[in-house]
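Side-chain atoms are counted along with the backbone in the values below, which use heavy atoms only and exclude waters and symmetry mates. Per chain, numbering begins at 1; letters A, B, ... match sequence-line order.
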Amino acid sequence: MSASYGRIVKDGLWENNGVLCMLLGMCPTMAMTGTGTNGLGMGLATAVVMAASNLMVAMFRNYVTHEVRIPVYILIVAANVTFVDLAMNAWMHELYKVLGLFIPLIVSNCLPLARLEAFAAKEPVLPSLVDGTFMGLGFTFALTVIGLVREAIGQGTLFADAALLLGPWAKVMEMRIMPGDWGILVLILPPGGFLIAGLLVVAKRMIDLASGKEIKMAGAHSV
Amino acid sequence: MKLFPILGGIHPEYRKELTSEKAIVALPVPKTLYLPLQQHMGAPASTTVNAGDLVKKGQLLAKAQGAISAAVHAPTSGRIAAITEMTAPHPSGLPTLTIMLDSDGKDEWAEPMPAINDPFAAAPAEIKARVAEAGIVGMGGATFPSAVKLGLGGQHKLEILLLNGAECEPYLTCDDRVMREHAAEVVDGARIMAHALGAPKVIIAVEDNKPQAIETLRAVAASQPNVDVVGVPVQYPMGAERHLTQAVTGRETPARKLTADVGVVVHNVATARAVHQAVRLGRPLLSRVVTVSGGAVAEPKNIEVPLGTRVSELLDFCGGVSKEAKRIISGGPMMGQPLPSLDVAVVKGTSGILALTQRETNEHASSPCIRCGSCVTYCPCGLVPVEMAAYIRNDKLDLAAKIGVQDCVSCGSCSYICPSHIPLVHYFNYAKGKIAALDRERRKNEQTKALVEAHNARLERQAQAKREAAAKAKAAKEAAEAAAAAQAQPNSAGGANA
Amino acid sequence: MSHAIRPTWVHATILGTFCAGFGIALALTDDITKAPIKERALEDKMNSLGQVIPRSIHDNNPVTDTVKLPNPKVGGHGAPAETEIYRATKDGKIVAVAYEYMASGGYGGPIRLMLGIAPDGKLLGVRVISHKETPGLGDKIEAAKNEWITRFTGLSLGNPPAEKWKVKKDGGQFDQFSGATITPRAVVGGIRQGLEFFATNSSRMMEKK
Amino acid sequence: MSIVIDKSGPFTHGPNNVSRTMFTVLAALAPATLYNLWLFGLPAIFLFIVTMAACAVCEAACVRIGGGNPDRALGDGSVAITGWLLALSLPPWAPWWVAVVASVFAVCLAKHAFGGLGQNVFNPAMVGRVVVLVSFPLQMTSFVTPKPLFTPGSPSLAEAFNITFGRGFSLDGISTASPLGFIKTELSKGNPVSQSIASVPSIGDMMIGFHPGSMGETAVPLILLGGLFLMWRKIISWHIPVSMLATLFLMGTLFNALDPARHAGGMFHLLSGASFLGAFFIATDYVTSPVSKSAQLAFGIGIGLLTWIIRTYAGYPEGVAFAVLLMNALTPILDQHFRPRVFGRTRKGEPLPVRGDK
């Protein structure tokens with residue numbers, strides 16, 4: 001299986017989107033999408049881990065025997081997660097205070113492991129890097145959208161605290177679209193995550209249907 | 001007598017008052033009778049007459065064929081017009097081989113079979129043979145050849161002959177009338193059957209909504225110490241064999257077994273009467289009592305009908321059918337079958353002909369299931385119809401089978417009660433048919449496989465034999481050559497004489 | 001995908017090599033980030049102390065100048081046996097102390113408060129550190145959601161008088177927010193008890209090391 | 001004469017149908033509802049109308065989007081029950097938008113997203129109630145003492161309009177806690193139940209509904225009457241209500257006996273909150289409760305137990321709605337495990353053994 005870069009990018013961002021299509025990585029999806037900023041942060045952290053892991057696995061794939069590949073993959077993902085965890089703690093501390101608890105959970109996220117096994121283990125370094133990056137960005141996209149919807153309806157803001165994540169310039173992104181009292185609180189509570197994620201899956205399928213595409217749905221594996 | 005509760009069951013609107021006070025009247029013999037060769041479960045009878053033959057009333061027209069089958073006799077005298085395929089009295093509407101008999105209007109009896117004057121002195125086998133000869137089948141609607149059922153005494157230790165006079169189907173009153181008008185014949189027939197079965201006791205069970213029948217039977221049975229008449233609660237499907245057995249004896253028949261396995265054999269009251277006539281009078285089964293009823297029938301009646309009479313003639317005799325008729329049913333409204341046409345014949349199992357209006361059927365388009373659970377509550381078999389239907393709808397027949405769709409007796413309680421008007425029985429019948437077909441297919445495949453394997457083994461054996469033969473031949477040849485070589489030497493002592 | 005069957009030691013070696021490699025990489029990263037992370041943790045603490053003790057009034061780092069006192073029984077619920085008292089000094093003189101206090105009686109369990117108190121017993125600031133109150137009702141005690149908690153600044157045990165240290169519904173002077181009485185009641189009670197804790201222990205809190 | 005032979009029997013059918021069932025339920029609810037509308041006055045009437053209308057609109061919209069026939073869907077009465085129960089489970093003086101949000105979640109999400117009538121896993125009315133309870137705890141826990149129509153305290157038309165439709169109307173001055181909430185609050189202040197129970201309305205007042213609460217939480221006798229009516233009409237069986245109420249009562253009594261300072265008694269648990277409404281009208285919802293009787297018993301016991309646990313230990317004073325939803329999720333499993341015994345078979349599904357010597 002060898003795909004063009006365009007295909008890889010498109011698959012990662014939309015057509016084979018980890019959350020909206022493969023229903024992978026549901027644990028961070030539910031836990032970390034209370035606001036758009038959280039979703040974005042978690043997504044980016046995951047994307048970095050995925051890109052790095054894909055890259056490493058593709059580099060080492062010829063030296064890893066079939067029997068020990070899974071432990072090695074987990075080792076690689078876990079190491080990358082720890083790098084990100086430490087780095088964030090040291091240099092992006094405010095965001096770390098929000099996401100900290102959940103960064104280690106990236107290890108148990110099925111999506112990185114799935115891409116390692118399905119893609120990086122078979123493909124050369126560069127395509128693997130692209131796949132990891134864009135699968136991660138697709139994940140980021142889904143998490144951000146879910147976060148934005150929950151945030152908007154739940155507490156009436158968009159990208160609250162984005163400055164903590166992206167620096168002071170991001171103040172311009174922070175918006176209040178309605179008074180906080182009007183929010184339907186249930187959406188920023190855990191049930192809201194399921195609700196919005198479910199509705200987005202539906203929305204994606206409807207968009208695909210409307211554009212006459214074949215629906216891809218790769219079973220429901222999740223963590 | 002102590003009764004036992006049965007599970008579930010419903011109380012449909014019985015509407016028996018339409019005909020319950022209508023005494024049985026005899027239908028004049030129609031000009032032509034149509035006698036299907038299969039009026040019973042099992043193999044069709046095989047004809048003993050040809051087109052053009054003149055026959056007398058009671059003469060054998062077709063004899064039983066195989067272990068489970070029943071004979072057909074001429075209900076009147078006349079000429080065989082044809083033996084041809086005609087629409088069967090079955091919803092499939094498939095053609096079935098039928099004897100057409102033109103009545104000569106004389107209604108002349110053939111030489112009757114000799115009466116058995118003291119049946120209780122006769123061997124059970126003799127009674128059984130007579131019942132078979134008379135072509136009697138279960139007249140409650142199941143149409144299982146009665147003689148076969150009377151043979152159950154041979155393999156089972158039977159205690160009770162349970163005579164089924166429950167008649168739990170709405171509308172039908174034919175059994176009620178038979179019990180009221182021919183109680184003596186019914187009781188006598190029952191005692192003869194009990195004798196044939198080797199069952200020491202006879203219990204006649206009648207639903208409590210037929211008090212006169214109970215009273216009349218009690219009066220007749222008073223002189224018979226081994227005959228009891230019990231009134232059972234009015235509850236559909238009380239007349240189902242296994243449920244009646246449970247209600248009267250408290251014994252629950254295990255799945256896939258017969259009531260005989262718990263010591264009980266159930267026969268219909270009309271069957272008992274037919275047995276009485278066959279044994280005491282030597283008369284074969286030529287007619288039966290049919291309830292013609294329903295809101296679309298001008299004058300509902302109970303009629304003694306010669307077998308083979310067309311339904312249309314029967315309905316005409318009752319003043320015809322009004323335009324409101326929504327459904328024409330053979331049998332009761334719960335378990336009866338819709339008739340494909342009015343030209344089909346009355347057969348041995350036809351207990352009723354109903355012409356029902358929309359108001360009576362109360363049929364509507366089905367709406368979504370609301371999981372009310374009524375079907376579970378009312379199922380007399382302890383099944384979960386809602387779940388079975390869901391499986392069947394999704395074509396998961398194996399799962400439906402696992403939760404018991406084959407234990408369903410198609411009594412219709414669930415469909416009757418369903419507020420969403422979902423045709424549950426229809427689903428179950430479909431599933432049962434499909435599962436049976438798949439089973440047959442599987443068995444056939446297994447058989448084929450076994451045959452193929454046997455064939456291969458045979459080929460292999462043959463090949464082996466051939467090889468061995470060849471080897472032998474070769475050995476023989478070598479021996480012969482050796483012998484020849486030896487013979488070539490003059491002084492050889494032994495010769496190869498192979 | 002076909003692959004040759006190799007002896008176990010090959011797998012073991014491969015796995016071992018990867019473990020070793022990543023182990024070293026992780027150790028290096030840990031080494032690099034250790035200092036900044038420690039610094040951040042300190043900053044965090046200072047920030048939360050900074051909310052209850054204004055930065056301008058002291059010149060030390062209160063995080064490093066602490067004494068430990070036995071935790072008052074009230075508030076219970078898994079509170080540590082000792083409370084750490086952070087002390088802010090200016091020119092070596094104590095200008096404020098800060099400590100955590102557990103307010104009991106919250107709707108969803110105890111509420112953790114941080115109190116900053118001047119030597120004269122006046123509140124310099126109070127913040128809720130953590131709580132499990134009903135979202136949308138009780139969470140208005142957070143400074144980020146409502147300014148209610150800042151109203152305590154400047155108050156002390158005598159001001160208002162003891163009988164007024166209650167929510168209005170109970171005859172005191174503090175607002176409850178609409179729909180929720182329990183949470184503010186717990187917080188007000190907690191603050192009052194926290195101040196009492198100071199009153200009885202102030203000398204030990206202030207004593208020189 | 002058009003004679004059809006399209007299906008197997010039976011060819012007669014009972015008189016009941018879906019809408020008859022649904023409207024019988026509404027009839028059973030009517031006395032309690034009317035009494036409560038009188039008890040809580042015009043704002044309650046407005047709220048009731050808003051809820052019913054919002055649910056009907058949602059139903060029609062969802063059915064139309066799904067390509068169905070909205071008239072037929074509205075006609076079956078199921079959405080009327082959802083709206084009605086929802087209205088009964090809201091505080092009577094709640095603002096209109098609470099009702100609308102609850103209706104949208106109840107009908108569009110809990111019912112139609114799962115496939116419409118008969119397909120939903122969770123009780124729509126309770127989903128609606130829980131969503132607004134979690135989202136708008138202020139509005140959902142502001143109860144008023146009954147102010148019956150035509151009595152001096154009852155709000156005028158203009159006032160009532162302002163209560164339901166006005167923006168920023170504050171109940172602060174008049175709102176009080178329901179008895180369950182009161183007990184819980186007192187407990188959190190350190191006052192034992194044995195003491196605070198003296199301040200809640202008497203059992204008699206609780207019976208006739210003179211205490212603050214959601215509409216359906218009051219007027220126990222009328223709810224009970226409606227429930228008995230449904231049993232008499234064979235719409236519901238006794239299994240769920242009795243097992244639920246008995247469990248709740250037993251738990252209450254038992255723990256009250258063990259520690260009266262911490263736990264309210266069984267009678268109090270029965271009469272307060274939505275115990276009766278839940279037992280007779282909500283837990284018995286056909287679609288979301290098990291179909292077999294033994295499963296229904298387990299279902300009722302589960303609700304009773306969870307209700308007691310939530311009331312006693314959780315963050316909300318009333319737990320019926322949560323308990324019902326939690327048990328709804330278990331319904332398919334209960335149905336699997338508690339199948340009735342098939343005639344002629346053992347519980348395991350094997351044919352019964354034939355009696356050896358008989």
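- For the salt bridge (charged side-chain N to carboxylate O under 4.0 Å, His left out) test with D:E59, the passing option among D:R64, D:R72, D:K111 is D:K111; the others fail.
- In this structure, chain A has a heavy atom under 4.5 Å from the side chain of D:L109, while its backbone stays farther away.
- Only the side chain of D:V101 comes within contact range of chain A, with heavy atoms under 4.5 Å apart.
- Ionic pairing of A:R7 and A:E15 is present here: one or more N-O contacts between side-chain nitrogen and carboxylate oxygen are shorter than 4.0 angstrom.
- Remark: the D:T288 side chain and the D:D285 side chain contain an N/O donor-acceptor pair separated by less than 3.5 Å.
- Note that CD1 of D:I310 is 13.0 Å distant from OH of D:Y313, once rounded to the nearest 0.5 Å.
- Heavy atoms closer than 4.5 Å to chain D are found in the side chain of A:L195, but not in its backbone.
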